[in-house]
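Owing to the predicted nature of the structure, the values given are computational and were not obtained by experimental measurement. Each chain gets a letter, A, B and so on, in the order its sequence line appears, and its residues count up from 1.
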Protein chains: 2
Amino acid sequence: MERNTRQRAAILGAIQRAGRPLSPAELHTLARDEAPALGLATVYRNIKMLLLDGCIREVDLPGEAPRYEEAHLGHHHHFKCRVCDCVFDIADCKTDWHAFAPPGFVVDAHEITLFGTCPKCSGQAPLSSPPHSADGHSHG
Amino acid sequence: MERNTRQRAAILGAIQRAGRPLSPAELHTLARDEAPALGLATVYRNIKMLLLDGCIREVDLPGEAPRYEEAHLGHHHHFKCRVCDCVFDIADCKTDWHAFAPPGFVVDAHEITLFGTCPKCSGQAPLSSPPHSADGHSHG
DNA sequence: ATAGATGCAAAGAGTTTGCATAGGT
DNA sequence: ACCTATGCAAACTCTTTGCATCTAT
């Protein structure tokens, strides 16, 4: 990762502006605003480089393809809305997982994902856009 | 799912005998002991049928392809040992996830995976038979 | 000018589907 | 005998790789 190309800037910029984990396809779509001819292979290659470089981190939710978000966000977990499919960051937990695991198991990390309905989709927050536009819409 | 075929019995039997979540490929290999000509497509088709029928459940660990285990095991979570890649069942938790999520978010399910080292691999416990066998290597 | 980065297309890996036929009922 | 379920192979989707060209340094 030695050159600062238009494509790389577009990809990293998209991740930084999104405020939520993005899939390679979403990244491709979003980054094309700044780099129209951007190829999907370039997105994948840059994801790998940015991961190695520590700029971004992979977000693995159970049963879902990997998404990517800024690395500097610190430890946190995710909430996936079943209606709009958007993934939201939620705070780290304070649970003592060492105690939760059976005796003899040494816990060095944990992954937690909550599933449910986000405020927007449960009608508790002002709905400006239809709930079912899926992965594509922004949640500010 | 109306007929009790040799292939289906082999697939379901493999899941029941395994005592751990199996991938489609593992299932294919194991079920071939009873049904030698078994095709991979049949494994996938039966996985779907058995899921619909409620006989098996899908186990999704972050960053891993889906595995399948018996459905009657009840709600629990998983511990993945980084040394031997074993996946162990661990008890359900009592955490109040509704309180953990931000206001307005309705939580209907949660997934938890712990990562670390199992007793066997950390050499702390004289485990003659682990709670569950592993993924990569056979324990018997 | 150099060599890393890109775009395209083809190749892989995993999963699904179409179709003729075997086999459970 | 009927019709679901199967085996094979092709199709599909997602991701990676090869190669000629472009471009940041």
Side-chain angles (χ1 to χ4, degrees), chain A residues 1-16 21-69 80 85 87 134-136, chain B residues 1-16 21-69 85 87 135-136:
Chain A
M1 207 164 93
E2 305 177 1
R3 293 181 187 179
N4 181 20
T5 62
R6 176 177 189 74
Q7 291 87 341
R8 181 167 301 153
I11 291 167
L12 187 51
I15 291 180
Q16 292 170 335
L22 297 176
S23 68
E26 288 176 307
L27 220 31
H28 187 211
T29 301
L30 291 173
R32 269 171 175 253
D33 287 347
E34 285 182 42
L38 178 66
L40 187 51
T42 296
V43 174
Y44 280 102
R45 278 188 285 235
N46 272 284
I47 285 173
K48 292 209 179 315
M49 293 183 206
L50 291 166
L51 282 172
L52 280 175
D53 213 55
C55 297
I56 64 175
R57 93 164 44 158
E58 186 168 316
V59 176
D60 290 317
L61 304 193
E64 311 237 350
R67 298 164 197 230
Y68 303 90
E69 67 181 5
K80 174 158 184 186
D85 276 340
V87 175
D135 270 298
Chain B
M1 204 162 96
E2 306 178 0
R3 292 183 188 178
N4 181 19
T5 63
R6 176 175 189 74
Q7 290 88 341
R8 179 166 303 153
I11 291 167
L12 187 51
I15 291 181
Q16 290 170 338
L22 297 176
S23 68
E26 288 174 307
L27 219 32
H28 187 210
T29 301
L30 291 172
R32 268 171 176 255
D33 288 347
E34 285 182 43
L38 178 66
L40 187 52
T42 297
V43 174
Y44 280 104
R45 279 188 285 234
N46 272 283
I47 286 173
K48 291 209 179 316
M49 293 183 206
L50 291 167
L51 282 171
L52 280 175
D53 212 56
C55 296
I56 64 175
R57 79 184 302 171
E58 187 169 316
V59 175
D60 289 318
L61 303 191
E64 312 234 353
R67 297 158 200 235
Y68 303 90
E69 68 182 4
D85 276 343
V87 176
D135 208 333

Applying side-chain hydrogen bond (donor to acceptor under 3.5 Å, both in side chains), name anything that partners A/Q16, two or more places apart in sequence or on another chain. none
Residues in side-chain hydrogen bond (donor to acceptor under 3.5 Å, both in side chains) contact with B/E69, at least two apart in sequence or another chain: B/H76
What are the two closest heavy atoms between B/A31 and B/A10, and how far apart are they? O-CB, 3.6 Å
Could you tell me which non-hydrogen atom of B/R8 sits nearest to which non-hydrogen atom of B/E2, and how far apart they are? NH1-N, 4.1 Å
Find the distance A/H28:NE2 to D/dC14:P and express it as a whole number of Å. 13 Å
Rounded to the nearest Å, what distance is computed from the CD1 atom of residue B/I47 to the P atom of nucleotide C/dT17? 14 Å
Would A/I11 and A/L38 count as a side chain to side chain contact (heavy atoms under 4.5 Å, CB included) if you check the C-alpha gap in whole Å, the side-chain angles of each, and the deciding distance to 0.1 Å? CA-CA 9 Å; A/I11 291 167; A/L38 178 66; 4.2 Å; yes
Where protein sits on nucleotides 3-13 of chain C, one letter per nucleotide: B base, S sugar-phosphate only, - none, heavy atoms under 4.0 Å: BBSBBBB----
